[in-house]
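A quick write-up on the structure given underneath.
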Amino acid sequence: MSQLKVYNSYTRQKEVFNSITPGHVGMYVCGPTVSGESHLGHARPFITFDVVYRYLQFLGNKVRYVRNITDAGHFEEEGREAEDKISKKAVLEKLEPMELVQKYTNLFHWAMKQFNNLEPSIEPTATGHIVEQIEMIKTIIKEGYAYEVNGSVYFDVKKYAESYPYGKLSGRVVEDLLETTRDLEGQDEKRNKQDFALWKSAAPEHIMRWNSPWGVGFPGWHIECSAMSSKYLGTEFDIHGGGMDLMFPHHESEIAQSSICHGGHVPARYWLHNNMITINGKKMGKSYNNVIKLTELFSGQHPLLEQAYAPMTIRFFILQTHYRSTLDFSNEALQAAEKGMKRLWESYESLKKLAQTHSGDQEGSDNALVAKVTKLMEEMDESMNDDLNTAKVLASMFELAPVINSVKDNHISISAIGTKTISLLSSKFKAYLEDIFGLKAEKAQDDNKLNGVLELLINIRKDAKAKKDYVTSDKIRNQLQQLGILLKDDKDGTVTVSFE
RNA sequence: GGUCCUGUGGCCGAGUGGCUAGGCUGAGCUCUGCAAAAGCUCCUACACCAGUUCGAAUCUGGUCGGGACCUCCA
């Protein structure tokens, strides 16, 4: 099997993935800011990196997956009103800041569960790591790369850039930054415009505030990730993930802070960035006022939505595109994903039954067929290893689906494909659909009573059909359909039930 | 303005220089009491203009369009 290659934003090329400690992987992903409800755009990194997490584990690694919760609240750029985002909203909603944070953290966790995302190994909060952040800032000052002004501390980017490649990750030149950074109104405490805050002095009205060697304040924009990643993954770890929009300034600043504290090296070896979800070609984001919240998506309650979309539909939709491409939202695209996922999943259900009833390791007699199936299965692995090309994996699976369905419908005989191939296919589909992609049946029906009633109805209908009493048989089928239960008559007389 | 990405059939989307990805939609056929599902077949695209090459959607240059970042942002 080929080796896993990933596109490393830091080197701008695909590289073979090798973890620092073989068999172990440390991965840090920038988590949500819990000052508001998550929207569709937020779903992408968490689904993308959930698949990375799952795949690394599938490959036999023990993975420590750290995803933070930003609950300390970033503040607006100085010059505008320097306000803690979270405390501002708390006033509006008349809630305690931590109450607000709790509410949106719970909602975020709920959404992650809907998407069938695995829980990270550690989910540290910014407010829980104020001490670590302060310690880190102290080190940066001691090393001479930060300075204090009026109770705030800033990172000295200009000095850092003299001996480190500041801007390498995001492809930026420090001199250019000086020219293109917007003019700041009012007083500027910073020595240079590129400098960023490590610690900000808190105005009296700030509710979220902590004591520090520089006075009462709150931590800067980027220091939490540096502090928490090094605490839980070490000063050099394998993967750092997040959305492309975080490359600058967030990740660039993270690299700068961490390098100063940890011997000059970049904290993570592989930097993975997912692209944005767009809507009508524009990035979905608060500033564009075009977000669709996850709760709206699941319920269909939004002017742009023609219907509700199930979490698994969205997951499938996201996986049908490569993670580094933009993904444009539209009802048409979501509906296509919904149908496609349904078809693939039903094929998988058939395959599971086939594998159960026809176990064995008998070689198939149709060599061309077996070769085709084998090739497609190999391509699935190749595609996944090629920078996690889930879109291509799914394409291969869609090519396998007709083969499976044909075996089910007896258009292809069991002996032609061979029980061995069926068994291999079955474990392959299970591995990808369930273990790696984290998909699951939209509506698992494991209600014994309901199943008993269904069985009864199916039997009555079968008897009616035998007597050519189609009025009765159609009545049962039609009325069940109105309830969202579909009965499909298979070739061999059995009935397949599916739920809408 | 700077840096970078991108432009694929009705829609969504993969794509390693030569081998019609795939999904959805639409049309036809087969199977079926009817239906649904499924299977088979068809709709053969790569913004534009030059260049490199035996050969380019894929490489190079240019033109035009779209987008991201440069500010909180997944």
Side-chain angles (χ1 to χ4, degrees), chain A residues 12 29-33 35 38-49 70 73-77 79-80 85 167 170-173 175-177 179-182 184 194 221 241-250 273-278 281-288 291 316-317 320-322 324-344 346-347 350 379 382-383 386 389-399 401-406 408-412 465 468-470 473-474 477-478 481 486-491 496 498:
Chain A
R12 288 159 198 258
V29 174
C30 291
T33 301
S35 61
S38 299
H39 58 75
L40 177 59
H42 296 121
R44 194 170 192 189
F46 304 127
I47 289 173
T48 299
F49 289 103
T70 299
H74 291 308
F75 33 83
E76 306 298 333
E77 181 192 358
R80 293 190 236 156
K85 205 161 49 176
S170 53
R172 243 145 272 245
V173 183
E175 290 77 54
D176 292 350
L177 284 176
E179 290 166 22
T180 55
T181 302
R182 65 160 62 181
L184 304 167
Q194 318 95 305
W221 316 353
M244 272 183 185
D245 51 353
L246 294 180
M247 270 168 95
F248 189 89
H250 185 60
H273 291 96
N274 64 273
N275 214 318
M276 302 293 104
I277 287 184
T278 58
K282 275 261 188 293
K283 173 184 166 184
M284 188 179 284
K286 269 170 276 184
S287 21
Y288 295 103
V291 299
F316 192 84
F317 172 64
Q320 258 191 316
T321 307
H322 185 80
R324 283 193 294 110
S325 300
T326 53
L327 171 56
D328 198 54
F329 165 88
S330 70
N331 282 285
E332 256 186 313
L334 248 336
Q335 283 159 14
E338 185 179 72
K339 285 185 183 160
M341 153 110 192
K342 190 171 182 239
R343 192 161 89 83
L344 195 58
E346 281 179 5
S347 186
S350 305
E379 280 173 6
E382 296 291 328
S383 303
D386 185 13
N389 197 333
T390 56
K392 219 174 164 194
V393 175
L394 285 172
S396 298
M397 296 181 91
F398 272 114
E399 286 193 72
V403 175
I404 295 165
N405 293 336
S406 295
K408 183 201 165 217
D409 291 344
N410 291 321
H411 294 139
I412 294 174
K465 274 175 68 179
K468 295 200 190 295
D469 176 8
Y470 295 122
S473 68
D474 287 354
R477 189 176 62 197
N478 293 338
Q481 189 177 358
L486 293 184
L487 299 187
K488 293 177 216 163
D489 295 329
D490 291 334
K491 284 278 171 48
T496 307
S498 69

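All values below were derived from every heavy atom in this structure, side-chain atoms included, with hydrogens, water molecules and symmetry-related copies excluded. We name chains A, B, ... by the order of the sequence lines, and we start the count at 1 in each one.
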If we only count heavy atoms from C-beta on, is the [X] to [Y] side-chain gap below 4.5 Å?
| X | Y | result |
| --- | --- | --- |
| A:L344 | A:L394 | yes |
| A:F398 | A:R343 | yes |
| A:S38 | A:F46 | no |
| A:I277 | A:H42 | no |
| A:N331 | A:Q335 | yes |
| A:M284 | A:H39 | yes |

Return the nearest nucleotide to the side chain of [X]; candidates are [options].
| X | options | answer |
| --- | --- | --- |
| A:H39 | B:rA74, B:rA21, B:rA37 | B:rA74 |
| A:L246 | B:rC73, B:rC4, B:rC69 | B:rC73 |
| A:K392 | B:rA14, B:rA68, B:rA37 | B:rA14 |
| A:E346 | B:rA37, B:rG23, B:rA74 | B:rA37 |
| A:K282 | B:rC40, B:rA37, B:rG67 | B:rG67 |
| A:E399 | B:rG22, B:rA38, B:rC40 | B:rG22 |
| A:N274 | B:rC24, B:rG13, B:rA74 | B:rA74 |
| A:D245 | B:rC73, B:rA14, B:rC24 | B:rC73 |
| A:F248 | B:rA37, B:rC69, B:rA38 | B:rC69 |
| A:K339 | B:rC24, B:rC12, B:rA21 | B:rC24 |

Hey, does the side-chain of [X] have a donor or acceptor N/O within less than 3.5 Å of a partner on the base of [N]?
| X | N | answer |
| --- | --- | --- |
| A:R477 | B:rA35 | yes |
| A:D328 | B:rG13 | no |
| A:D489 | B:rC34 | yes |

Using a 4.0 Å heavy-atom cut-off across all strands, classify [X] as base, sugar-phosphate, or nothing.
| X | answer |
| --- | --- |
| A:S287 | base |
| A:L487 | base |
| A:S473 | base |
| A:H273 | nothing |
| A:M244 | nothing |
| A:M284 | base |

OP1, OP2 of [N] versus side-chain N and O of [X]: anything below 4.0 Å?
| X | N | answer |
| --- | --- | --- |
| A:R343 | B:rA37 | no |
| A:K283 | B:rC69 | yes |
| A:Y288 | B:rU71 | no |
| A:N389 | B:rG15 | yes |
| A:S325 | B:rA14 | yes |

Got a list of protein N/O to nucleotides 26-32 of chain B N/O distances below 3.5 Å?
residue	atom	partner	partner atom	Å
B:rC31	O2'	A:K491	NZ	3.4

Taking atom [atom1] in both [N] and [M], compute the distance separating them and give it to the nearest angstrom.
| N | M | atom1 | answer |
| --- | --- | --- | --- |
| B:rG18 | B:rU53 | C1' | 11 Å |
| B:rA14 | B:rC29 | C1' | 30 Å |
| B:rC43 | B:rG23 | C1' | 16 Å |
| B:rG33 | B:rA45 | P | 41 Å |
| B:rU25 | B:rG39 | P | 13 Å |
| B:rA68 | B:rU63 | P | 22 Å |
| B:rC59 | B:rG15 | C1' | 15 Å |
| B:rC49 | B:rA57 | C1' | 16 Å |

Query raised in the report: How would RNA chain B look in dot-bracket form, 5' to 3', counting Watson-Crick and G-U wobble pairs with both distances under 3.5 Å and writing | for bases paired to another strand?
Result: (((((((..(((.....[...))).(((((.......)))))....(((((..]....))))))))))))....
Query raised in the report: Salt bridge between A:K408 and A:E346, side-chain N to carboxylate O under 4.0 Å?
Result: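 Between A:E346 and A:K408 there is no salt bridge, as every charged N stays at least 4.0 Å from the carboxylate O atoms.
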Report task. Look at A:K392 together with A:D386 and state whether they make a salt bridge at an N to O cut-off of under 4.0 Å. Result -> no
Query - Whole-Å gap separating P (B:rA37) and NZ (A:K408) - result: 12 Å
Query raised in the report: Will you find, in the side chains of A:D490 and A:T496, an N or O donor that is under 3.5 Å from an N or O acceptor?
Result: yes
Query raised in the report: Can a donor-acceptor pair be found between the side chains of A:D328 and A:T278 at a distance below 3.5 Å?
Result: yes
Query raised in the report: Starting at the 5' end of RNA chain B, which residue's closest nucleotide do you reach first, A:K342 or A:G242?
Result: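 Nearest nucleotide further toward 5': that of A:K342.
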Query raised in the report: Which residue, A:I277 or A:L394, contacts RNA chain B at a nucleotide closer to its 5' end, judged by nearest heavy atom?
Result: A:L394
Query - Check against side chain to side chain contact (heavy atoms under 4.5 Å, CB included), A:D489 and A:R477 - result: CA-CA 10 Å; A:D489 295 329; A:R477 189 176 62 197; 4.0 Å; yes
Query raised in the report: What is the distance from atom NE2 of A:H273 to atom CE of A:M247, rounded to the nearest 0.5 Å?
Result: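 CE of A:M247 is found 5.0 Å from NE2 of A:H273.
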**Report entry** Side chain A:R44, main chain A:N274, donor-acceptor under 3.5 Å
**Finding:**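 Not confirmed, A:R44 side chain does not pair with A:N274 backbone.
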Query raised in the report: Hey, is A:Y470 doing a stacking thing with B:rG33, by the 5.5 Å centroid and 30° angle criteria?
Result: yes
